[in-house]
Structure formats: C-alpha cells, structure tokens
Amino acid sequence: MNAIFAVAAKEFQDGLRNRWLLSITIVFAVLAIGLSYYGSLASGQLETASLATTIASLSSLSVFIIPLIALLLCYDSFVGEQESGTLLLLLTYPISRGQLLLGKFIGQGSIISLATLLGFGSAAILLGFSSSFAAVLPAFSLFIVSSSLLGLSFIALAYIISLVASEKSKAAGIALLLWLFFVLVFDLALLGLLVGMEEGLTQQGLVQVMMFNPADLFRLINLSALQADDVSGALSVAINSEVNPLTLFIIMLGWIVIPLSIALLIFNKKSI
Amino acid sequence: MIVTLTAVDKHYGQLNALKDINLELQAGEVLGLFGHNGAGKTTMMKLILGVLCVTSGSISVFGLDPKHKKAWENRKKIGYLPENVSFYEQLTGLQVLTYFARLKSVDKKQVAELLEKVGLKEAQHRAVKTYSKGMRQRLGLAQAFLGQPKLLLLDEPTVGLDPVATQDFYHSVDQLKSRGASIILCSHVLPGVEQHIDTAMILNQGKVVASGSLSQLRERAKLPVEITTQGINGALKEVKQLAGFMVGSNQLRVPESEKVNIIRQLMAFESISDISVESASLEKIYHHYLKSSQGESL
C-alpha cells in the first residue's frame, strides 16, 4: 500500500513540476470560458450561448483534446523508464508490477482529473454567476466526471502502448495513430456506414457500435442529456434512441478497467 | 549460504545467455564477476534479483526462490546498482534518493547520511540532469546502499568514478563486508579490484570458465611470477639455474612453486640493489582463462 502511494505521489509531483497540471487546467478553463461566452458568435448571434450549446461545443472540442493530453502525458510512462534503466531498478525493489502500474495510474490519473475539475469547474462557477447555478452545476458535473473518465481511459490505453513499444519514439507514433483512430477514423467510418449502406445499421446497432469507442461514449453521455438540436453527425441519430446514462457510465468504466488489466497482463509477461 | 545457483540455464529465444551455472555465495563473501560484454554477467544478476526467470535449474536467495512471493520481504535486504543508470533527470539528487528510500521503507535519516557519504551533500538540491557521470554513479551507489543491505549486486560500480571516489567506494565495500554483507561485483576495470574480492568467477559466452579464490585461480593457471632485479646485470646468466628463467637482462619469469627458491638465490648476489616480485595480476589471470576457453571452443 505504502509503495503504491509512493509511486503515485512521485508521478503527481512530476506532473506539478513539469507544469502539466497548470497547463492542462488553463487549457480547459480557457476552452470552457471562451466557448460559453463567445461560442454563439460563430452562429452570428451576440448574446451568451445557451447552456446546451456550450456543453455541446465543449464536448465536441474536449473529445479531441482530452485523449490527446492523456496520451501525451502517459505514452512514455513505462518505455521512458525502461530506456533510462529505472524500470529495471524499480522491479528489484519490494514493489510488484501491479503496484507500480496502479501507483502510476493513480498519480497521473489525479493530474488529469484534477485539471478537468479545476479547469472546467472554474468555468462552471463563472457561468453560474452570469446565469443560474441550479442549471449550470448538474450539467457541468456530468461533463467534468465524464471528462475525467475519458482521460483515465486514454491513460490506461497509453500504458498499453508504453508497455508494448520498445522505444519512446515508437510509443509516440503509436499513440498518435490511436488518437486519430478513436477521434476521427472511427466516426468517419461510422458515418460512411450510415450513408453508404441502406438499412445497414439500425439505430440500436449504431449505439452498440459506439460503445467500442470511449470518445463516442463520452459524447453520448453528455449529449444525451441535452436536447438534440445542437448535435450533428452520426451522433444525432444515436442520441434519438433511448440509452440509459448509467449503462453508459458503466461501459465507460469498463474502458478504464479493461485496458488497465490488459496493460498489467502485458507488464507481467514482459522481460525487462 | 546467501545465494545458491544450481545448474542454472537461461535462454532468450534461441540465444543461450547462461549455461550450467553453479555458484555459492556465503555471508560476508565478496565475489568478483568478470567477463566481456554479453558474457552473461547482467543476466546472472537479474536472475538473482528475481527480475528474470530461469529456463532450468534453481536459484535460492536467502533460502527462497527470488521469484516466489515470500521472497518479497527479502528485497529490502538487497541492494542493486544497474550498469547504465540515468535517474529521473528533472528531480534533484535528494528527491531521487528519497523516492527510492520510501519504496524500500527506509528511514529518511539514512538518505542524508548516504548523500554525505558519497559526497553529494552539496549537490543534493540540484537536478540530476546537471550531474556529471561520476556524480550519477555515486547517486546510484547511495541508492544501492539504502537500508543496510545484506546482499549487494553492483554492475560496473567504479565506471566514471575518479580515483578518490573509487577508493571511497572500495572502502564502503570493505565496511559492508565487515558487517557481514555479501557482495557480487561485476567489473571490467580489473586493477584495483583484487584486494577487495574473496573469490572470482570468469564468464565467457554464458559459461563459467573459471571460479575460485584468486590464489586457487593463480595456481591452476600456472602463470609465472615476474621478478625484476637491479644491480646484478650480467652476472645472472652465469648461474645455470637462473638462466633458464631469464626473459631480459635483469628479468626472470619463474613458476609460483619456484619463487621462494629463486629469490633466495638472487639475494645471494652481493651486488643486488633492488628486487621486485610480481605475482600474476587479476588481469593476466583473466586473459589466460579467456584464451584457454576460446581455445577449447575452437
């Protein structure tokens, strides 16, 4: 237990030292505040955007940025330590591979979670003052929790990459490809499927396919809580179907636990 | 017995990294492990540390298989210095050592003590990336000494150390040894190691080509003792018994068994002004065994 905490504390302090926490928080805060105040400018209106529009545009932007940040933060977690020789050294200490993995996950996960809480939370408070807290807080709570889960899920995916890759530069390349796949290619393929195949995919089937992408899950969770007007693309089809948000959250948790278990499996088999 | 290896084999896919290794290390014994790069030294250390599994054979460290869960607690009694150690560059020396101390559940007081001992007290608040090679090596040593280990595995400990730091290092080794710690020392740098090791093991391509105490190895290698005299000059070759061993006008190469005899004869010369007797060095022994093992495999 003590060892897990030591690793987590070290990773968290690294995040503070490298200004990761600070920069991610600022990015999130600027995004959220900017979109809520000026988001409506794009559609030619001058008044403050509605809460639904804000959340909708925030989640379409976050779905690109959060996975990218999580992958950037963690792609070298293991391969970096392997290159510098500290991974071998750590494995001779009284700490198991599972404890090391969990410690890193807790430490780096806290960085992402805390940044979403502080960044988006500060925007929520500002918004609350200008409109009403009663409306802002529930919507933003859902958004902050799902953002953290999205971040954690991509951290777990980054660990798999970091344990599979033999070099840091390769890990970075794989991470970039993974990011492209989940935030762009997957959706384009889905859209193509919807347009190209008549009656190829039912609405229920579409939602089920989206479960295979944590980024889509994140959007589903946030947008299904809003009216569908602000939503476009394949999602608008999916959202009109009935989905239980609790089920979505459980599947999102699965997107954290399963990659983390796979990472542990790979780590245990890996010879250093 | 602290470490026992019995008929240990280790394969990496097709590559035979270690073949039929037998080793016994007692409490307070210092073993020198010698061999070229890729001879299997590091692999052997990783096996003893429980980072790798043996392909066949068995290992016992403190009476337990190092891979076994029960051996967990024993890891606190083991110190390890890896060969290429570059610590967390952005952390300070103090932060690095504190981190490792926490992982080993070692009292924080020892961190300051060790930093002072290895001469990093002044640099402890500087980031490791500003450290020289020698300073990094000393930080690595401090890390290995955490928690008064009963078994130390040191891979190339003196690489990058200046002569004074090397001296200090061997002093620490002697100190730990006198406290009953067993040490396995891996090294390329042969001069200077001799006085600090009890036994030596020479590896070549994963096989043990020689092992035993230095005097045993010397005896078995039958390497000659080199005697250099001064002041006798031409008179040496007139004595029949001595002329056979001559390699220079004032140099003799004699077998270990004849050493005392020859010296006695040399001392009989009135004109002798100086004499130096040099037993085969570790370096010579090493090259001798490596050569003879290569001869076998050819």
Side-chain angles (χ1 to χ4, degrees), chain A residues 1-23 73-74 76-104 106-108 111 162-163 166-168 266-272, chain B residues 10-13 17 42-43 45-53 55 61 66-67 69 71-92 95-96 98-106 127-129 136 139-140 143-144 146-147 149 151-153 155-156:
Chain A
M1 204 56 223
N2 193 25
I4 298 178
F5 184 69
V7 175
K10 191 241 167 207
E11 293 297 335
F12 187 77
Q13 280 161 2
D14 279 356
L16 289 181
R17 195 173 297 110
N18 303 339
R19 308 276 186 280
W20 263 106
L21 182 65
L22 187 71
S23 23
L73 181 70
C74 302
D76 66 342
S77 241
F78 290 92
V79 75
E81 289 217 36
Q82 193 181 353
E83 277 183 10
S84 67
T86 42
L87 190 59
L88 170 64
L89 189 58
L90 284 176
L91 293 183
T92 70
Y93 272 70
I95 176 170
S96 73
R97 296 181 185 209
Q99 286 176 318
L100 186 60
L101 183 84
L102 197 62
K104 274 179 178 284
I106 293 171
Q108 294 182 314
I111 293 280
S162 200
L163 284 162
S166 53
E167 286 161 40
K168 225 156 116 172
I266 298 172
F267 196 15
N268 278 332
K269 290 231 168 99
K270 194 177 169 82
S271 74
I272 307 293
Chain B
K10 175 70 194 171
H11 304 201
Y12 291 112
T42 303
T43 302
M45 288 202 168
K46 285 183 186 174
L47 289 173
I48 295 171
L49 287 162
V51 177
L52 291 176
C53 280
T55 309
V61 179
K67 269 290 191 187
K69 273 215 170 113
W72 217 240
E73 277 301 301
N74 289 340
R75 287 185 166 210
K76 286 183 187 162
K77 295 192 281 184
I78 300 176
Y80 174 51
L81 174 74
E83 186 179 0
N84 292 312
V85 65
S86 69
F87 287 111
Y88 307 108
E89 301 272 300
Q90 73 281 14
L91 300 193
T92 66
Q95 284 167 334
V96 168
T98 309
Y99 177 47
F100 284 106
R102 282 183 76 186
L103 287 178
K104 228 174 183 175
S105 331
V106 169
V128 174
K129 64 181 167 218
R136 281 161 202 251
L139 183 60
Q143 170 276 132
L146 277 171
L151 172 64
L152 266 166
L153 295 107
D155 209 342
E156 305 289 350

Of the listed residues ([options]), which shares the most heavy-atom pairs with chain A below a 4.5 Å separation?
options: B/Glu89, B/Glu83, B/Gln143; value: B/Gln143
options: B/Asn74, B/Val51, B/Asn84; value: B/Val51
options: B/Tyr88, B/Phe87, B/Tyr80; value: B/Tyr88

Can you confirm whether more than 12 heavy atoms, excluding those of B/Gln90, are under 6.0 Å from its CD atom?
yes
For atom NZ of A/Lys270, is the number of surrounding heavy atoms from other residues, nucleotides or ligands below 6.0 Å larger than 12?
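Yes.
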What part of [X] gets within 4.5 angstrom of chain A, counting heavy atoms only: side chain, backbone, both, or neither?
X: B/Leu146; result: side chain
X: B/Leu52; result: side chain
X: B/Gln95; result: side chain
X: B/Lys46; result: side chain

Region of A/Gln13 that comes under 4.5 Å of a non-hydrogen atom in chain B:
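Contact with chain B is absent: no heavy atom of A/Gln13 under 4.5 Å.
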Pick from A/Ile95, A/Thr86, A/Leu89: which one has the most heavy-atom pairs with chain B under 4.5 Å?
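Top option by heavy-atom pairs under 4.5 Å: A/Leu89.
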What option among A/Gly85, A/Ala9, A/Gly80, A/Pro94 has the most heavy-atom pairs under 4.5 Å with chain B?
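Maximum pair count with chain B is reached by A/Pro94.
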Quick check for you: to the nearest 0.5 Å, what is the distance between A/Lys104 atom NZ and A/Gln99 atom CD?
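Here the interatomic distance stands at 14.0 Å.
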Value for OG1 (B/Thr43) from CG (B/Leu47), rounded to nearest 0.5 Å, stands at 7.0 Å
Using modelled atom types only, decide if a donor and an acceptor are shared between the side chain of A/Gln108 and the backbone of A/Cys74 within a distance under 3.5 Å.
no
Least distance between heavy atoms, A/Gly15 atom then A/Ile111 atom:
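So the minimum-distance heavy-atom pair works out to CA-CD1, 3.6 Å.
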Reference residue B/Leu49; test side-chain contact (heavy atoms from CB on, under 4.5 Å); the match among A/Thr92, A/Leu91, A/Leu88:
A/Thr92
